[in-house]
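What follows is a single structure, written as structure tokens, with notes after it.
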Amino acid sequence: MKIATFNINGIKARAQALPAWLDEAQPDVAVLQEIKSVDEAFPREIIEERGYNLETHGQKSFNGVAILSKLPLEDVHRGLPGDDEDVQARWIEATVVGKQAIRICGLYLPNGNPVELNADGTPVAGGKYDYKMRWMARLQARAEALLASETPFLMAGDYNIIPQAEDARRPEAWLEDALHRPESRAAYQRLLNLGLTDAFRARNSAPGQYSFWDYQAGAWNRDDGIRIDHFLLSPQAADLLRDCQIDKEVRGREKPSDHVPVWVDLDL
DNA sequence: ATGTCCTATGTGATAGGA
């Protein structure tokens, strides 16, 4: 089963590029981020006419996630638990049943910039970095709950985290950025410490493998990228991992997203 | 090193997010 993640940066702007990639890559399941659309305005036909089931969790203008699958999507949940006040659409999960069932979580983790810190180094309450750290604490809790349920699961999406220096062309430029600061990296490491596996790093140890290149400053032409789109696998899901790849060439096409798809092949 | 793109508003140019 091929499962992909793709931050499309706007469904309306990607109405050509997304179906073109689906036709070529033929994922069984895909999670999308930054659909930037309310559910009612999502052009469902470009997904459904390709034989996919579709569940969206959108909002006006920003954010928004979706999951599509050739198999039925069961027990769909929208929104990351832990804060009833949070109105940002960044989390969707559903169960897909192949040889066995797997819980698939699609996420768009907050960017976190600009970083605002108090004198003691803690994030300023109510700021964007504070929101990122609080969201990651909720993500940790959700991962713990899923582990306790003993269901195979994966959490895929735009984590807005550069895990290690080798995941950036210019790591020194990101040291103070919310995507690579020590607090952000430590929170990501705490997820791994639960026993989750970074699928890409389990299959590829080479540096210079990126999933995002900024539209600005010729970042793509200079290969000035970062790896911020990740698959974290539960232990039972990791046992099924056959492959994990980045569809880098998608970034060089007509009217691309600033992210490219990442996918795993699982034996189920 | 800020050289771009996307969305909303509202119909042209700005603002905000990334």
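Residue numbering restarts at 1 for every chain, and letters A, B, ... go by the order of the sequence lines.
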Taking only residues two or more places apart in sequence or in another chain, which ones pass side-chain contact (heavy atoms from CB on, under 4.5 Å) with [X]?
X        : result
A/Arg169 : A/Tyr210, A/Asp223, A/Asp224
A/Ala143 : A/Met155, A/Leu191, A/Leu194, A/Leu196
A/Trp174 : A/Ile162, A/Ala168, A/Asp177, A/Leu179, A/His180, A/Ile226

I'd like the [atom1] distance from [M] over to [N], given in whole Å.
N      : M      : atom1 : value
B/dG12 : B/dT7  : C1'   : 16 Å
B/dC6  : B/dT2  : P     : 22 Å
B/dA15 : B/dG10 : C1'   : 14 Å

Non-neighbouring partners of A/Glu183 that pass side-chain hydrogen bond (donor to acceptor under 3.5 Å, both in side chains), sequence neighbours left out: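 Listed in chain order: A/Tyr129, A/Arg181.
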
Holding to side-chain hydrogen bond (donor to acceptor under 3.5 Å, both in side chains), I want the full list of residues that pass it with A/Lys36, two or more places apart in sequence or in another chain. A/Asn9

Mark up nucleotides 7-18 of chain B, 5' to 3', with B wherever a protein heavy atom is under 4.0 angstrom from a base atom, S wherever such an atom reaches only the sugar-phosphate, and - elsewhere. SSS-------SS

Go through the side-chain N and O atoms of A/Asp39 and A/Thr56 and say whether any donor and acceptor fall under 3.5 Å apart. yes

Rounded to whole angstrom units, what separation is found between the CG atom of A/Asn7 and the P atom of B/dC5? 16 Å

